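Right, one structure below, let's go through it.
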There are 2 protein chains.
Amino acid sequence: MDTATPFPQEGTPMCDRNTDVPTPLESFGACPAVTDVLSRVGDKWSMQVVIRLGEGSRRFNELRRIINGISQRMLTRTLRGLERDGLVRRTVTPSVPPRVDYELTDIGRSLWKPVSELGAWAVEHRQVIAQARDDYDAAAQ
Amino acid sequence: MDTATPFPQEGTPMCDRNTDVPTPLESFGACPAVTDVLSRVGDKWSMQVVIRLGEGSRRFNELRRIINGISQRMLTRTLRGLERDGLVRRTVTPSVPPRVDYELTDIGRSLWKPVSELGAWAVEHRQVIAQARDDYDAAAQ
DNA sequence: CGGGATCCGGCTGGATACTG
DNA sequence: CAGTATCCAGCCGGATCCCG
């Protein structure tokens, strides 16, 4: 029950809002929670941060160097957002200069798995997708 | 090798750009493909559409009713985007009134698995996340 | 070192009206 | 039924400067 549970366990309510939707219980597509998690992990940087922190605890500028392309501001905002949702723990060491470490919480680590599988899917299919995209654009001129 | 491959197979290049990044081969976090796939599936509606089409072929207004909250314009744009990337196949039956069916392609179905697992994760952890969010906001006033 | 404050352009997505 | 066209607000994210 741990390796592949495409749908939530019994007893877990599918959705707490939008109960007026004629949603078959076989799906959670209409559940706002799906949209909510995408707002968190689906922005430009969160997923990369989660993947990186899945490798181990990291300092701020360490993440900044590794992620490559992320601005200071966006790294701060992304980490704050993940911290707010309880996915990342922020540890401040009041030294001079200050030291701040970030690491995944238990929930954050549980997110790492589906997120990394989505990342793996992206890597595996990127050429085919790029090709399909080119074909589509070429057909439409 | 089919059930859980968190990382790409050997022989599959991790990344074709950003080769100057000191990326350990154990991770694909810095790969632009990860960002690319998030731009596709990470928008407001694509994931829900993919989940819904995973249940079977659907007509336009059928999807519109089921997804609940999506506008006509956004459903069109979302479906076009997925079609452009080769994830969705669009079949037009030139009748009066016209009939258009949408279904996942093979790649689209392969996406369904990681996407639905992410959706399941969202449903399973939404209360904990909402609680953490409230705590964070309360602590910050 | 690890941020916060400010400014700003561009894209996302909603509302509405119209069409074959 | 299945779109297209237009307008527009809001947020996302980059650049820059400052700070303890």
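We name chains A, B, ... by the order of the sequence lines, and we start the count at 1 in each one. Not measured: the values here are computed from a predicted model.
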*asked:* So, using ring pair (Phe, Tyr, Trp, His ring centres under 6.0 Å) as the criterion, who are the partners of B:Trp121 when residues are at least two apart?
replied: B:His125
*Using rotation axes that map the C1' atoms of four end pairs onto the next four (five pairs an end), what angle separates the end axes of the helix from C:dC1-D:dG20 to C:dG20-D:dC1, to 10°?*
50°
*State, with a plain yes or no, whether a side-chain heavy atom of A:Arg64 is found less than 4.5 Å away from one of A:Gln72.*
yes
*asked:* Let's see if you get this right: which residues in residues 81-94 of chain A place a heavy atom under 4.0 Å from DNA chain C?
replied: A:Arg90
*Quick one: list whatever passes side-chain hydrogen bond (donor to acceptor under 3.5 Å, both in side chains) with A:Arg89, sequence neighbours left out.*
A:Glu103
Please list, pair by pair, any protein nitrogen or oxygen found under 3.5 Å from a nitrogen or oxygen in nucleotides 12-19 of chain D.
unit_1: D:dG13; atom_1: OP1; unit_2: A:Lys44; atom_2: N; d: 3.0
unit_1: D:dG13; atom_1: N7; unit_2: A:Arg73; atom_2: NH2; d: 2.6
unit_1: D:dG14; atom_1: OP1; unit_2: A:Lys44; atom_2: NZ; d: 2.8
unit_1: D:dG14; atom_1: N7; unit_2: A:Arg73; atom_2: NE; d: 3.4
unit_1: D:dG14; atom_1: O6; unit_2: A:Arg73; atom_2: NE; d: 3.0
unit_1: D:dG14; atom_1: O6; unit_2: A:Arg73; atom_2: NH2; d: 3.4

*What is the distance from atom CD1 of B:Ile66 to atom CD1 of B:Ile51, rounded to the nearest 0.5 Å?*
12.5 Å
*Considering only heavy atoms from C-beta outward, does the side chain of A:Leu53 approach that of A:Trp112 to under 4.5 Å?*
no
_Nucleotide D:dT4, atom P - distance to CG of B:Leu75 in whole Å_ = 11 Å
*Salt bridge between A:Arg84 and B:Asp137, side-chain N to carboxylate O under 4.0 Å?*
yes
*Taking the side chain as every heavy atom from C-beta outward, state whether A:Thr91 and A:Val100 have any pair of such atoms under 4.5 Å apart.*
no
*asked:* Below 4.0 Å from chain A heavy atoms, what is the first contacting nucleotide of DNA chain C and what is the last?
replied: C:dC1 to C:dT6
*Of the non-hydrogen atoms in A:Ala122 and B:Val37, which two are nearest, and what is the gap between them?*
CB-CG1, 3.2 Å
*With a 4.0 Å cut-off, would you call A:Arg133 and A:Asp135 a salt bridge?*
no
